Amino acid sequence: MSDSAIYPQVPEKPSLDGLEEKWGNSWVSKNTYAFDKNCDKNSVYSIDTPPPTVSGSLHVGHVFSYTHTDLIARYQRMVGKKVFYPIGWDDNGLPTERRVQNYFGVRCDPSLAYISNFEPPKEPSDKQIPISRKNFVELCEKLTLEDEKVFESLFQTLGLSIDWNYTYQTIDKRARYVSQKAFLNNLNRGEAYQAEAPTLWDVTFRTAVAQAELEDRERPGAFHKIAFKKEDGSDVFIETTRPELLPSCVALVANPEDDRYKSLFGKTVTTPLFEVEVPVVAHHLADPEKGSGIAMICTFGDVTDVVWWREFNLPTRGLIGWDGKIQNDLPEWIKTDKAIEIFSKIIGKTSHTTREILVEELKKSNQLIGEPKPITHTVKFFEKGDKPLEIVTTRQWYIRNGGRDQNLRKQLLSRGDELSWHPDYMKVRYQNWVEGLNGDWLISRQRFFGVPLPIWYKLDENANPIYDQILIPKENQLPIDPQSDCPEGFSESQRNKPNGFIGDPDVMDTWATSSLTPQIAGSWGIDNKLFNTIFPMDLRPQSHEIIRTWLFSTVVRSHLEENSLPWKNTSISGWILDPDRKKMSKSKGNVVTPIDLLKEYGSDAVRYWAAMGRPGTDTAFDTGQMKIGKRLAVKILNASKFALSLNATLKKDDVKLEVDHALLNKLAQVVEASSKAFEKYDYTKALEVTESFFWFFTDDYLELVKERTYGKQGEESANSAKAALGITIHTLLKLFAPFVPFVSEEVWSWWQKDSVHLQSWPKPEEISANRNIGVENLELVTKVLAEIRKAKTEKQLSMKAEVLDLVINSNNEGIEILKKAEKDLIAAGNIKNLSYKIQTGELKLEIKLP
RNA sequence: GGGCCUAUAGCUCAGUUGGCUAGAGCGCCGCCCUUACAAGGCGGAUGUCGGGGGUUCAAGUCCCUCUGGGCCCACCA
């Protein structure tokens, strides 16, 4: 059959082995996915790729969601968009800080001076060496470089069509510049401000945390019933889970409708042990159903305390310090000798120990009524912390986010409406979050590693900071570190000196940088031409649990800075679930290493599995799907090889037979369906229609026409089939290219020039020569063929077995169609005698086998 | 306490605005070592569409309600 010299590149035995390396390297070295920054803004499709945390390791979830983005990127590139698809590495924040500390045996001390050419010890010792922030950042960059290489290699093996020329790090110079510039703009416009206020505080990390970083955890606790003395000497009982806060009690509160306590409102009571006189107030937030219906207000036990403290203008009786321990100084409100004696026992103790001591004291004085009643309640935690949060009054920096401003909140809500969500129900999470905000965005962190707040404060004649006299750098000085750089008009010798200056010691929240990924990726303020070309971006892909943080904060920054949305679309990917429907996570020990998966099944196969997960839908980890993906890839190799060996052509004018026209029309329908699905970000649908056509093509059409290509029905008929085969393979490779880029590229390279990934996405009108010929011209024929196969199977015969006699009962129309393809049918079914009977009703076959 | 998603074959999932005997793949069973492919081909069996109620000529699809699973939010003394 083969004068197969037409496609000399078609291998004898095609294989998937080594395709990832072969084509992955080729794409990088040829800059296949390079973005042309001089292109027209209207032709751009830009993607705000999530920067993965480099100090963690990549897991299957990354492979899953990054593949989704890549599917979209590849489709957009093929429909003619200039795709801006950069990636960043998130090396800013606590995880990297911890990793660098442990790896090098150092810790960051911003008060130290920078040492050039600092070399960390070869082996980290037990005692961490303190180094300057600048040195710390350098070590971070050094360490994360290694991680980034591993990540980059994995992403290349996976076949992500990222443009590696636009890579950034969230702690690099550009990110620091952008973060500081944006902050200073916020400051200029009055959107950033500092305030001394009760702040949620993590005692382990000793830093303030934001509302977006909280999570609730179930914790065991106990109700302690405690007696307070009324003015008349009788007792009133409160129930509390935190008796250790008794010294910071500033009032009791009950519901205004609660008859049990109405008589007490406006009067005072005396606290047990510490004998402080406090008022009894009425407030609707006090729940008569909880505990005894009357509660103590402390500064501060929880956020409701803050509300009451603010509304009733109560005094601040701070108790717990930054380290989570009872403050060292004797508070001025504790006066009696007995109270002072008790307080002296808890100074410097943790809240846990304090609770034990005070419970003991209360028992001794008979002011604890009965045994504590164990309960389980939810307590607020910093999501990365492992001790409950305290509330401490501190001076912090905030950015307005609508939490205190109804007007801004409305604007941000309408930004949410403006954004296209995929799937759209994810918008509700955004709305819930914005509507539930109870304060502005706290961006300062009392950490050492991160982007520093770019400000200094003037010092008075006693070297105390004057916080409302802020010194700011010029834009061309950025990025700065106020701990090592010096404000204009001052010299370094004036640092920390009377009438001198002091650098703000804090760094920004990691989200204060991440919220600027479009600006960082687009080199805002550095290459404004690039930035204007790619902004607003087209797509933000991300997962749903960070809608409240990453997505929202990015919208806030863009709204304030550009008065626009940062992107037009967001696609929210789901999670990977275990077969038992639990979220896959490291702690459960069920995480599979992605690189092993890619090795075992091949990247195309793993991508196939990922593509089966629709946007927003949690997807089961299923190696079965990967096996199917691998089978598909193998089949693409073999079917293509076969079609090409039949001397397939791309000569559309050669297509003459109706079955061939019908095949191409069926393909044109697939192109339409796939394009439509991709436009709606439904890549799964796009894959399904292509895949299902492909199996029809190999199982039915190829079987039907292969004899004809050998020329047994004449050259014109043979050429018609060859053209249909060639056009179909050519189109299928493009339709498959976003999903299985390696095998598509491999087959493309056998007979076509350049990369399949730079081809234009197929259009129905390019494929079909005559769209008037209906697909039923082919489907009826393949149906007859299927009936013949079924008959052979039932008689347990080989598919090659001869059909002695076939009588086709059909209506006129059907017989017309079948007659035109009868030579194909006779060849493919090995039919000896074929005849027709006209009848009304549906198709019926009489098959006579040996 | 408020809200969102989800429940379809043993498994993973499709099922568009309500419309013929509810589909696919895997798995299972049977057959075919057939010259592109045994990492293959052909065929077959399998469902009270989570339960209950309602609207309708017609409900997997719309409404109500209950239950299971997952998630987000909430002022949790």
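Keep in mind it's a predicted model, so treat the numbers as computed, not measured.
Both tests do not hold together for A/Lys635 against A/Phe694: distance to the six-membered ring centre under 6.0 Å, angle to the ring axis within 45°. Figure legend: A/Arg631 and A/Trp695 shown as a cation-pi pair, the cationic atom lying under 6.0 angstrom from the six-membered ring centre and within 45 degrees of its axis.
Spacing between atom CZ of A/Phe642 and atom P of B/U34 amounts to 16 Å, rounded to whole angstrom units. A/Glu703 has its CD atom 11 Å from the P atom of B/U35, to the nearest Å. Distance A/Met799 CE to B/G40 P: 17 Å, rounded to the nearest Å. Distance A/Tyr683 OH to B/C13 P: 14 Å, rounded to the nearest Å. In this structure, CG of A/Asp618 is placed 16 Å from P of B/G69, rounded to the nearest angstrom. For the pair A/Leu646 CG and B/U35 C1', the computed distance is 12 Å after rounding to whole Å. Atom CD1 of A/Ile636 is separated from atom C1' of B/A36 by 14 Å (rounded to the nearest Å). In this structure, A/Lys635 places its NZ atom 8 Å from C1' of B/A36, rounding to the nearest Å.
For A/Lys680 against B/U16, a side-chain-to-base donor-acceptor contact under 3.5 Å is absent.
Separating the P atom of B/G41 from that of B/U35 is a span of 14 Å, rounded to the nearest Å. Comparing the same atom, C1', in B/A9 and in B/C66 gives a spacing of 26 Å after rounding to whole Å. Taking atom P on both B/U6 and B/U46, the two are 30 Å apart, rounded to the nearest angstrom. Only the C1' atoms considered, B/U65 is 23 Å distant from B/C71, to the nearest whole Å. Spacing between B/C28 and B/U21 at atom C1', rounded to whole Å, works out to 24 Å. With C1' as the reference atom, B/U55 and B/U16 are 22 Å apart, rounded to whole Å. Spacing between B/U61 and B/G54 at atom C1', rounded to whole Å, works out to 15 Å. B/G25 and B/G1 have their P atoms separated by 46 Å, with the value rounded to a whole Å.
Candidate nucleotides B/A36, B/A77, B/C75 were compared by shortest atom distance to the side chain of A/Thr304, and B/C75 ranks first. Taking the side chain of A/Ser798 as heavy atoms from C-beta on, and the options B/A77, B/A74, B/U34, the nearest nucleotide is B/U34. With distances taken from any side-chain atom of A/Trp695 to the nucleotides B/G41, B/A36, B/C71, the minimum falls on B/G41.
As judged by a 4.0 angstrom heavy-atom cut-off over every strand, A/Trp609 is placed among residues making no nucleic acid contact. Contact annotation for A/Asp305: no contact, since no heavy-atom pair falls under 4.0 Å across all strands. At the heavy-atom level, A/Arg548 lies under 4.0 Å from the strands shown only through sugar-phosphate atoms. In this structure, A/Ala633 reaches neither bases nor backbone, as no heavy-atom distance under 4.0 Å exists between it and the strands shown. Within 4.0 Å of A/Thr698, counting heavy atoms only, lies at least one base atom of the nucleic acid. Within 4.0 Å (heavy atoms only), A/Thr793 reaches at least one base atom of the nucleic acid. Residue A/Val428 is classed as a sugar-phosphate contact, given heavy-atom separations below 4.0 Å to backbone atoms only. No contact: A/Glu787 has no heavy atom under 4.0 Å from any strand. Residue contacts shown for A/Lys790 are limited to sugar-phosphate atoms, with no base heavy atom under 4.0 Å away. Looking at heavy-atom distances under 4.0 Å, A/Asp699 makes contact with sugar-phosphate atoms alone, never a base. Residue A/Gln431 is out of contact with every strand shown, counting any heavy-atom pair closer than 4.0 Å.
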Evaluate the salt bridge (Lys or Arg N to Asp or Glu O under 4.0 Å) criterion for residues A/Asp700 and A/Arg789: first the C-alpha distance (whole Å), next the side-chain angles of each, then the deciding distance (0.1 Å), finally the verdict. CA-CA 11 Å; A/Asp700 294 327; A/Arg789 283 197 296 243; 2.8 Å; yes
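The shortest distance between the side-chain N/O atoms of A/Asn432 and the OP1/OP2 oxygens of B/G2 is not below 4.0 Å. Taking side-chain N and O atoms only, A/Lys380 has a distance below 4.0 Å to OP1 or OP2 of B/C75. For the OP1/OP2 pair of B/C71 and a distance below 4.0 Å, the side-chain nitrogens and oxygens of A/His544 include no atom meeting the criterion.
If you look at A/Tyr7 and A/Trp751, their ring centroids are closer than 6.0 Å.
Judged by distance alone, with hydrogens and angles left aside, the side-chain atoms of A/Lys373 form no donor-acceptor pair with the main-chain N or O of A/Lys225 at under 3.5 Å. Formation of a donor-acceptor pair under 3.5 Å by the A/Arg317 side chain with backbone atoms of A/Ser248 is not found in this model. With hydrogens and angles ignored, the 3.5 Å screen pairs no side-chain donor or acceptor of A/Asp305 with any backbone N or O of A/Thr299.
Applying the 6.0 Å contact sphere to NZ of A/Lys262 captures more than 12 heavy atoms from other residues, nucleotides or ligands. The local environment of NZ in A/Lys427 is crowded, with over 12 non-hydrogen atoms from other residues, nucleotides or ligands closer than 6.0 Å.
Of the candidates A/Arg614, A/His68, A/Glu688, A/Tyr683 forms a side-chain hydrogen bond (donor to acceptor under 3.5 Å, both in side chains) with just one, namely A/His68. Only one option out of A/Leu246, A/Ile294, A/Thr271 pairs with A/Ile238 in a side chain to side chain contact (heavy atoms under 4.5 Å, CB included); it is A/Ile294.
No side-chain N or O of A/Trp575 forms a donor-acceptor pair with one of A/Ser543 less than 3.5 Å apart.
The aromatic rings of A/Phe64 and A/Trp609 sit tilted relative to each other, their planes meeting at an angle between 30° and 60°.
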Give the dot-bracket line for RNA chain B from 5' end to 3' end: parentheses for intra-strand Watson-Crick or G-U pairs under 3.5 Å, square brackets for crossings, | for inter-strand pairing, dots for unpaired. (((((((..((((.....[...)))).(((((.......))))).....(((((..]....))))))))))))....
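Take the nearest nucleotide of RNA chain B for A/Thr240 and for A/Arg614: the residue whose nucleotide is more 5' is A/Arg614. Looking at which nucleotide of RNA chain B each of A/Met296 and A/Gly616 is closest to, the 5′-most match is held by A/Gly616.
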Using a cutoff of under 3.5 Å, can you pull out all pairs of nitrogen or oxygen atoms linking the protein to nucleotides 23-26 of chain B, with atom names and distances?
{"residue": "B/C26", "atom": "OP1", "partner": "A/Arg631", "partner atom": "NH1", "Å": "3.1"}
{"residue": "B/C26", "atom": "OP1", "partner": "A/Arg631", "partner atom": "NH2", "Å": "3.4"}

